[in-house]
Amino acid sequence: MAVNINNYRQVLQQLEPYHARLVAVSKTKPVEDIRELYAAGQRIFGENYVQEMVEKAGLLPEDVQWHFIGHLQTNKVKYIAPFVSMIHGVDSLKLLAEISKQSLKHNRVTDCLLQVHIAMEETKFGLSETELFQLLDQAGELAGVRITGLMGMASNTDDETQIRREFAGLKALRDRIREKYFPGTDTFRELSTGMSGDYKLALEEGSTLVRIGSLLFGARNYA
């Protein structure tokens, strides 16, 4: 079997002292593998592709919490709005407004994380700090979304000091935003940082959601 249950249990033990949650990244993985991890107790699964997520949601138990962790196109929001639990990579006011609109059609409020560009690479998506504050200044009227935190992807480097600096910077930014825009509330608390290669550093720097795939499911299938 492809799923590594020993790794799964080990990751859960590592998350426990930090009160962080595991997003099992199941993109490109078959439903059978997800069922196996579900049977072991996992409920949060992360997908990158809308069509794949919709298909899997129709085949798996209703108490699965689906997190969309890829780059979401505005015209595809309507397909996941009826059931998605959290959208991690919101990087524009236009996308946030569309999520709100489609959520309200289903009498839902969707939890969203704003994606911030923290890496050295130019290729990764995300808002600059200036863009982030501009979005927050305009997002208050959107009744169909609840902004619950920030998401970031660290630089693809072996320099742990650099990675740690990026994660710590995002945590400090989250704390500043909470103080300015969400005072007196605990709803804005999430930090979605850390993947299979750097999640331990992310935990030490305040991550509340780690996105782990290959450690649990093995290498990705692109066929």
- Message: Evaluate Glu55 against Gln51 for side chain to side chain donor-acceptor pair (under 3.5 Å), listing each step before the verdict.
- Response: CA-CA 6 Å; Glu55 289 172 358; Gln51 183 177 349; 3.2 Å; yes
- Crowded around Asn75 CG? As in, over 12 foreign heavy atoms under 6.0 Å? yes
Which value, rounded to the nearest 0.5 Å, describes the distance between [X] atom [atom1] and [Y] atom [atom2]?
X	Y	atom1	atom2	result
Leu216	Ser196	CG	OG	6.5 Å
Glu179	Tyr181	CD	OH	12.5 Å
Thr193	Phe167	OG1	CZ	5.0 Å
Asp91	Leu132	CG	CG	11.5 Å

- Asp33 side chain vs Pro30 backbone, donor-acceptor pair below 3.5 Å: no
- Tell me yes or no: between the side chains of Ser155 and Thr157, is some donor less than 3.5 Å from an acceptor? no
- Task: Decide yes or no for Leu60 and Tyr38: does some side-chain heavy atom of the first lie under 4.5 Å from some side-chain heavy atom of the second?
- Result: no
- Contact check, side chains of Ile34 and Lys56, non-hydrogen atoms, under 4.5 Å: yes
- Chi angles and distances behind the side-chain contact (heavy atoms from CB on, under 4.5 Å) call for Leu209, His88: CA-CA 10 Å; Leu209 291 160; His88 284 231; 4.1 Å; yes
- Does Arg164 come within less than 4.0 Å of Glu204, counting only side-chain N to carboxylate O? yes
- Task: Determine the minimum heavy-atom distance between Ala154 and Asp198, stating which atoms define it.
- Result: CB-OD2, 3.9 Å
- Message: Quick one, Ser128 with His117, criterion side-chain contact (heavy atoms from CB on, under 4.5 Å). Give me CA distance, side-chain angles, the key distance, then yes/no.
- Response: CA-CA 6 Å; Ser128 68; His117 188 282; over 6 Å; no
- Query: What class does the angle between the rings of Phe188 and Phe182 fall in, given that below 30° is parallel, 30 to 60° is tilted and above 60° is perpendicular?
  - Reply: parallel
